[in-house]
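Along the sequence shown, residues are numbered consecutively beginning with 1.
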Amino acid sequence: MTDRNRSGNGVSPAKRVDVIVVGAGFGGMYATYKFREMGKNVVSIEAGGDVGGVWYWNRYPGARCDLMSVDYSYGFSPEVEQEWTWSEQFAGQPEILAYANFVADKLDLRKHYLFNTRVVSAVWNEAAKVWRATTDKGEVLEAPYCIMTTGPLSIPKDPDIPGIDKFKGLLLRAQKWPHEPVSFEGKRVGLIGTGSTGIQVVQEVGRKAGELFVFQRTPSFTLPMRNHVIDADYAAEMKRNYRAMREAMRNNPTGGTRPATTRPYFSLPPQQRQQVMEQAWINGGHTFLGSFSDLMTNEEANGQVADFVRDKIGQIVKDPKTAEALKPRGYPIFARRPCLDTDYYETYNLPNVHLVNVKEDPIVEITEKGIRTESGETELDILIFATGYDALTGALLAFDVVGRDGRNLKDKWKSGPRSYLGFMLEGFPNMFAPSGPNGPAALANLITIAEHDVDWIAEMISWMEANGVRTVEPTAEAEDGWMKMVLTMAEKSLIRKANTWWVGANVKGKPQGLTMFIGGFAKYRELCEAAAQNRKANFVFD
Ligand code: N01
């Protein structure tokens with residue numbers, strides 16, 4: 001690493017490197033490795049104390065990935081695949097974090113990282129053709145390339161409820177869970193939030209707490225996970241077959257191994273549809289979504305599948321009033337991120353678990369002692385927020401990103417995020433945001449996407465360097481065309497019909513709209529390949 005001291009002209013001393021990577025989640029770790037292997041001098045910056053990204057922060061009880069372990073793992077290293085053995089079909093947070101640590105050790109990634117450090121600004125210097133990143137510790141780094149692997153779900157969001165600071169009990173945020181164990185025994189616990197996170201908290205804490213009060217505003221649809229231990233024979237089979245599975249993942253709309261079908265719902269007679277749904281319920285996992293081809297485009301089909309799941313809720317939950325309140329209505333199934341659970345609905349049959357329907361009995365405020373709804377105060381020892389994230393754009397807008405001609409990303413994205421291929425931005429040369437907005441993130445496997453995007457970027461940089469080119473950015477036309485395609489596709493999908501983080505509806509004042517590529521990972525990969533082949537038309541090089 002060479003130092004270039006510029007303090008003589010009033011500018012802070014800058015450390016010159018080849019690549020700056022922001023983030024130590026699976027995307028950032030892979031980017032750090034990839035560019036290091038290309039012979040680049042890489043410095044990576046991470047706000048957390050170690051690697052793991054969301055899995056470093058989200059240590060709440062019950063945290064677990066709802067993608068299968070075989071899918072939610074790196075495919076780039078046969079050695080990592082052979083040396084690491086997953087113990088469960090759907091791994092829990094401790095095992096996923098252990099995996100991230102294993103990879104960091106094996107590939108010797110930590111030496112590149114500045115941990116416990118936040119980027120406060122990243123500014124493009126056109127004359128020197130470098131990104132200048134400043135951290136909250138006062139370090140200044142300059143590099144021709146900046147990789148923003150900041151993650152789609154990394155800025156937690158508190159609920160908009162008055163009085164949060166008043167609560168005198170223990171206030172916990174799922175997404176910033178303490179490293180020390182928390183005891184719930186004999187405690188009165190309150191939970192706000194019933195998305196993927198809250199559902200996992202309920203099924204774990206409900207069995208441990210003295211009493212659990214779940215303050216539910218919108219019920220989610222959740223399907224059985226059917227998790228199981230991976231025995232030695234199955235683990236060995238997986239290891240023998242990783243290559244073929246990775247190839248299948250690259251060609252799958254989900255970027256995983258989940259089967260997809262071309263069978264529309266109404267192509268089967270009613271009895272057979274019912275059988276398919278019963279089987280999907282028994283199989284568990286997200287197989288349900290792959291059982292019919294048109295669940296996100298045919299409202300009637302979607303409605304019948306939603307009825308099937310509502311019936312199941314009614315069969316499991318004993319108290320009819322609670323069952324009714326848990327049945328999601330008013331939005332299509334799978335238009336909110338579908339959740340997977342282990343005995344979530346059964347938890348409400350426990351005598352110590354209480355559902356508070358805040359649609360009927362709204363929360364008024366948080367008090368010193370607990371939560372006050374219109375009907376009265378519930379006293380609590382512990383209050384847990386599982387209230388989601390300022391997703392997709394939040395992390396990149398949390399600091400100043402300034403591109404060519406002083407253009408601030410906050411201005412570029414003031415009406416919603418715009419990008420090309422989901423990871424490049426007109427006006428922001430040599431900056432790349434793998435798994436960024438307008439790509440397939442959130443609708444497909446994030447590790448597959450991150451590996452793909454980083455490989456694509458690495459190939460582009462290699463080509464530029466072989467051809468004496470210093471900078472790349474998409475043309476305005478290429479970005480416009482991509483955005484038009486993304487938004488036109490979104491119009492046809494039922495996904496946009498629920499008020500979720502997918503459309504920005506969970507953050508006050510955030511521009512609304514579905515800014516995700518819904519065409520599936522395999523199609524996305526083809527489009528990225530085509531863009532690279534047609535370099536001259538889609539990019540400006542300097
Ligand atoms: O966040 P969410 P999440 N009063 O935004 C409620 C991934 N993930 O952290 O819908 C009352 O989904 C809010 O209610 P409403 C996964 O991609 C994956 O759970 O606004 N309630 C909602 O119920 C997921 O989609 C895994 O009415 C309030 C909840 O908070 C994404 O992360 C595990 C409220 C927020 O739900 C985000 O999931 C965990 C208020 N004032 C997460 N404000 C797995 O892999 C908010 N809420 C398994």
Side-chain angles (χ1 to χ4, degrees), residues 62 66 190-206 212-226 265 270 273-274 276-289 291-292 295-296 298-363 373-375 386-388 494-503 505-506:
D66 61 11
L191 169 75
I192 301 180
T194 47
S196 300
T197 305
I199 278 170
Q200 294 188 325
V201 172
V202 168
Q203 61 202 28
E204 194 75 14
V205 174
L212 174 66
F213 298 86
V214 182
F215 293 85
Q216 173 193 271
R217 188 163 65 185
T218 309
S220 298
F221 284 98
T222 165
L223 304 165
M225 178 177 267
R226 313 276 185 221
Y265 184 82
R273 285 177 227 150
Q274 189 70 16
V276 169
M277 289 190 279
E278 291 290 355
Q279 196 56 50
W281 186 265
I282 290 166
N283 291 346
H286 286 306
T287 47
F288 218 112
L289 189 50
S291 300
F292 301 104
L295 293 183
M296 296 324 294
N298 185 327
E299 216 151 353
E300 195 181 346
N302 185 292
Q304 293 199 11
V305 173
D307 282 342
F308 173 88
V309 177
R310 282 190 282 263
D311 282 352
K312 290 284 181 200
I313 299 170
Q315 287 160 27
I316 298 169
V317 180
K318 291 190 180 132
D319 173 48
K321 194 162 171 240
T322 306
E324 209 41 46
L326 283 167
K327 290 179 187 171
R329 296 193 189 277
Y331 67 89
I333 186 169
F334 308 124
R336 259 169 201 272
R337 170 76 153 60
C339 310
L340 297 185
D341 70 277
T342 302
D343 296 341
Y344 172 70
Y345 293 119
E346 286 82 349
T347 310
Y348 289 94
N349 293 333
L350 298 175
N352 62 322
V353 177
H354 317 284
L355 186 71
V356 184
N357 182 354
V358 304
K359 276 249 165 79
E360 278 180 3
D361 184 14
I363 297 176
T373 61
E374 280 183 0
S375 70
T387 42
L494 298 176
I495 289 181
R496 76 202 146 75
K497 292 202 164 184
N499 292 332
T500 68
W501 65 265
W502 277 356
V503 295
N506 65 329

State, with a plain yes or no, whether a side-chain heavy atom of [X] is found less than 4.5 Å away from one of [Y].
{"X": "L212", "Y": "V202", "answer": "yes"}
{"X": "L355", "Y": "L326", "answer": "yes"}
{"X": "D66", "Y": "M225", "answer": "yes"}
{"X": "K312", "Y": "Y345", "answer": "no"}
{"X": "P338", "Y": "H286", "answer": "yes"}
{"X": "V309", "Y": "L223", "answer": "yes"}
{"X": "L494", "Y": "F334", "answer": "no"}
{"X": "L191", "Y": "F215", "answer": "no"}

Show the nearest heavy-atom pair for residues [X] and [Y], with the distance to one decimal.
{"X": "P351", "Y": "H354", "result": "O-CE1, 3.4 Å"}
{"X": "T194", "Y": "Y344", "result": "CG2-OH, 4.0 Å"}
{"X": "S196", "Y": "R337", "result": "OG-CG, 4.1 Å"}
{"X": "A323", "Y": "G314", "result": "CB-CA, 4.3 Å"}
{"X": "M277", "Y": "F292", "result": "CG-CE1, 4.0 Å"}
{"X": "Q203", "Y": "T342", "result": "OE1-N, 3.3 Å"}

Nearest-0.5 Å distance, [atom1] of residue [X] to [atom2] of residue [Y]:
{"X": "Q216", "Y": "N357", "atom1": "CD", "atom2": "CG", "answer": "6.0 Å"}
{"X": "N499", "Y": "T218", "atom1": "CG", "atom2": "OG1", "answer": "8.0 Å"}
{"X": "T373", "Y": "E360", "atom1": "OG1", "atom2": "CD", "answer": "11.5 Å"}
{"X": "T222", "Y": "I199", "atom1": "OG1", "atom2": "CD1", "answer": "4.5 Å"}

So, does [X] use its side chain to make a donor-acceptor pair with the main chain of [Y] at under 3.5 Å?
{"X": "R310", "Y": "P328", "result": "yes"}
{"X": "S291", "Y": "T287", "result": "yes"}
{"X": "R226", "Y": "G285", "result": "no"}
{"X": "N352", "Y": "G206", "result": "yes"}
{"X": "N349", "Y": "V317", "result": "no"}

For F221, give me all partners under ring pair (Phe, Tyr, Trp, His ring centres under 6.0 Å), at least two apart in sequence or on another chain. Y331
Under a 3.5 Å cutoff, is there a donor and acceptor pairing between the side chains of N283 and Q279? yes
What's the verdict on salt bridge (Lys or Arg N to Asp or Glu O under 4.0 Å) for K327 and E324, showing C-alpha distance, side-chain angles and the deciding distance? CA-CA 5 Å; K327 290 179 187 171; E324 209 41 46; 3.2 Å; yes
Aromatic rings F288 and F308: how do their planes relate, parallel, tilted or perpendicular, breaks at 30° and 60°? tilted
Partners of D343 by side-chain contact (heavy atoms from CB on, under 4.5 Å), sequence neighbours excluded? R207, E346
Please assess W502 against R336 for the test side-chain contact (heavy atoms from CB on, under 4.5 Å), listing each intermediate value before the final yes or no. CA-CA 8 Å; W502 277 356; R336 259 169 201 272; 6.0 Å; no
Using atom types as modelled, flag every donor-acceptor pair under 3.5 Å from a side chain in residues 298-305 to any protein atom, sequence neighbours excluded.
unit_1	atom_1	unit_2	atom_2	d
N298	OD1	E300	N	3.0
N298	OD1	A301	N	3.1
E299	OE2	K497	NZ	3.2
N302	OD1	I333	N	3.0
N302	ND2	L295	O	2.8
N302	ND2	I333	O	2.9
Q304	OE1	Y265	OH	2.9
Q304	OE1	R273	NH1	3.4

